[in-house]
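Just so you know, residue 1 is the first one in the sequence shown, and it goes up from there.
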Amino acid sequence: MSGEMSADESRPSAINNEKEGLENPTPSSITSPPSEDQKSVKERSLGRRFWDILTWTPPRCRWDPEKPPEFSMPLNILFGFAGAFTVANLYYNHPILNILAHDFNVPYVKVSQIPTVMQAGYAGGLLFLCPLGDLLKRRPFVLILVFFTATMWIGLCVTSSLAVFTAISFITAITTVTPQLMLPLVGDLAPPHRRAAALSIVVAGFMLGILVARVISGTITNYISWRVVYWLSLGLQYFIFVLLWLFMPDYPSTNPDGMNYFRMLFSILQILWKSPVLVQSCVIGFFTSAPFTAYWTTLTFLLASPPYQYSSLIIGLFALIGIAAMLLSPFYARRVIDRFVPLFSVVLGEGLAMIGIIIGTYTGSSTVAGPIIQAFLLDMGLQTSQIANRSAIYAIAPKARNRVNTAFMVSTFCGQLVGTAVGNHLYAKGGWIASGSYSVGSIGMALLACAVRGPWQDGWLGWDKGWKITKTAGTADGRTEEKSHLAAKSHFDKAKENGDTEKGLVQAIQERNTGEGIEDTAGQEEENVIREIKDVEEAPGTSNSVRGLTR
């Protein structure tokens with residue numbers, strides 16, 4: 001009893017002591033630094049606050065399954081603008097390598113490694129980051145990549161070390177893949193019968209960034225400094241981040257149940273194995289992209305030599321010719337590509353490219369009109385081919401569009417590397433005509449790839465399914481009626497919220513069953529569907545009608 005009393009009596013004393021300590025703090029209590037735990041909590045809270053701001057979604061951009069955000073023309077243009085000045089990061093250094101060598105006080109051969117390093121980084125991003133678009137929610141993923149790239153870009157603006165400049169260039173190139181995440185998203189959102197027109201705006205932005213970067217960089221460096229170019233790029237990237245943060249809707253993940261990352265990468269090979277149309281598009285993309293880079297690389301050598309001997313500023317302005325072709329592509333896509341089967345539009349594009357290359361190659365040494373015509377028709381043909389091919393391949397596996405796009409872009413990127421290497425080598429050996437003749441042969445191989453398989457063919461070879469060139473109404477590839485997998489997810493999630501899981505699963509399964517290509521992915525998402533079906537079959541109280549639907 002006395003022990004209890006002493007314990008009780010000690011409490012007021014302890015409280016009083018605490019009050020006295022607060023009212024009359026000792027010097028040690030004032031000056032003592034915060035503990036390591038307090039610092040850790042503070043740092044975590046600051047980091048958490050920053051993360052919450054970065055990933056916060058404005059109310060008008062939040063996903064509502066009852067009223068999904070509409071894919072509008074302003075949003076389409078925003079994606080095109082963001083793609084243009086994101087991919088431009090890879091090309092600002094191309095026309096100013098000699099200036100960089102002078103400012104960093106190193107031989108030209110060391111600076112010439114920067115474009116190669118950035119291309120290697122971009123290839124790594126294509127292969128290892130882009131497939132994550134099938135797993136993660138696109139809005140936070142894109143915002144994080146853009147913000148990270150912009151923040152790292154500060155180092156390029158201020159460093160005086162070539163080694164640091166090269167390393168940061170490699171890192172930022174890896175994360176400069178947001179345009180390749182936006183293209184499959186446009187494939188998800190645009191109506192199938194308008195998909196080519198919507199894709200053409202983003203593809204035009206992508207190509208615009210490649211060419212405008214050279215014009216901006218060469219012009220500003222000629223009159224001011226190359227660092228101004230990089231500071232301008234920094235401002236544009238943060239501006240893009242702000243625009244996307246304010247206006248990009250928060251679309252749900254196409255595979256919300258998650259997937260094994262390495263199995264997801266392996267599924268790209270499985271999709272290729274099962275999809276003749278994707279393999280055909282990849283081969284065409286490889287042989288079509290090679291002449292593009294071969295032309296723009298060797299054009300500088302031609303125009304800087306007799307009989308032209310143009311300045312670097314005038315040579316850079318040749319990119320404006322390609323821009324003219326890009327501005328026309330959305331109108332062309334709406335009138336032609338959206339109306340005819342993709343293979344027909346691909347052949348038209350290859351034909352335009354072939355005509356331009358022949359004219360430019362065999363007249364370019366005597367008249368500048370040849371390279372001008374080649375620039376316009378080559379760019380127009382390349383865009384036509386790429387947009388039409390994407391219209392075809394995005395119908396293969398609606399829930400695996402990022403992986404499909406990865407396969408297509410890796411093959412296209414390999415073609416660009418081959419075109420640059422072979423074009424430069426042949427120009428050094430035989431001049432402009434030798435390099436151009438290689439481009440003629442490359443387009444010839446693309447046309448041969450078009451010829452081996454018809455637009456209505458299910459297998460790898462043949463034309464026995466017909467020669468019709470007009471699309472079936474409401475389709476992107478001419479034959480596949482698509483249903484939005486986002487709509488399927490919305491039915492299921494909304495029904496679960498209302499406590500009617502069975503009804504929601506019925507609607508989701510119906511959506512999935514009507515979308516051709518789900519089984520073609522041979523990946524984790526098929527297992528997710530099977531697991532859901534099995535769960536609903538075994539659930540007590542499941543109706544026979546649902547069990548019949550799931551079988």
| Do Trp245 and Val146 pass the side chain to side chain contact (heavy atoms under 4.5 Å, CB included) test, and can you show the C-alpha distance, the side-chain angles, and the key distance before you say yes or no? | CA-CA 10 Å; Trp245 190 80; Val146 173; over 6 Å; no
Check: Just by distance, with hydrogens left out, do Thr175 and Thr149 show a side-chain donor and acceptor under 3.5 Å apart?
Finding: yes
d(Met409 CE, Cys414 SG) to nearest 0.5 Å is 10.0 Å
Rounded to the nearest 0.5 Å, the CG atom of Leu129 sits from the CG atom of Asn402 at a distance of 11.5 Å
Below 4.5 Å, heavy atoms only, C-beta onward: do Tyr261 and Leu132 meet side chain to side chain?
yes
Just wondering, more than 12 heavy atoms not from Trp463 lying within 6.0 Å of its CH2?
yes
Q. Just checking, any donor-acceptor pair under 3.5 angstrom between side chains of Ser200 and Gln383?
A. no
Are the side chains of Pro179 and Val202 in contact, using a 4.5 Å heavy-atom criterion? no
Side-chain donor-acceptor pairs under 3.5 Å in residues 80-88, sequence neighbours left out?
| from | atom 1 | to | atom 2 | distance (Å) |
| --- | --- | --- | --- | --- |
| Thr86 | OG1 | Ala82 | O | 2.5 |

Value for OG1 (Thr166) from CD1 (Ile171), rounded to nearest 0.5 Å, stands at 11.0 Å
**Study point:** Intermediate values then yes/no, side chain to side chain contact (heavy atoms under 4.5 Å, CB included), Arg453 and Val277
**Key:** CA-CA 9 Å; Arg453 183 180 176 278; Val277 65; 4.0 Å; yes
For Val164, the side chain to side chain contact (heavy atoms under 4.5 Å, CB included) test, sequence neighbours excluded, returns Thr159, Ser161, Ile168
Practice problem: Please work out whether the ring planes of Tyr230 and Trp153 are parallel, tilted or perpendicular, with thresholds of 30° and 60°. | Solution: parallel
So OH of Tyr122 and CD1 of Ile174: to nearest 0.5 Å the spacing works out to 13.0 Å
Take Leu269 and Phe266, measure what side chain to side chain contact (heavy atoms under 4.5 Å, CB included) needs, and give me the verdict at the end.
CA-CA 6 Å; Leu269 298 178; Phe266 180 71; 4.2 Å; yes
Output for pair (Thr412 OG1, Asn405 CG), nearest 0.5 Å, gives 9.0 Å
For the backbone of Phe147 and the side chain of Thr151, can you confirm whether one donor and one acceptor N or O come within less than 3.5 Å of each other? yes
Between the OG atom in Ser72 and the CD1 atom in Ile77, the distance rounded to the nearest 0.5 Å is 8.5 Å
When Arg403, Lys399, Arg263 are each screened for salt bridge (Lys or Arg N to Asp or Glu O under 4.0 Å) with Asp134, the one that passes is Arg403
- Kindly indicate whether the side chain of Cys450, heavy atoms from C-beta on, has any atom under 4.5 Å from the side chain of Leu343. yes
| Do the non-hydrogen side-chain atoms of Ser442 and Val418 ever get within less than 4.5 Å of each other? | no
Original post:
Is the backbone of Asp250 close enough, under 3.5 Å, to the side chain of Arg62 for a donor and an acceptor to pair up by distance?
Top reply: no
| Do Phe413 and Gln119 have side-chain heavy atoms sitting under 4.5 Å apart? | yes
Does either side chain, that of Gln237 or that of Ser233, offer a donor lying less than 3.5 Å from an acceptor on the other one?
yes
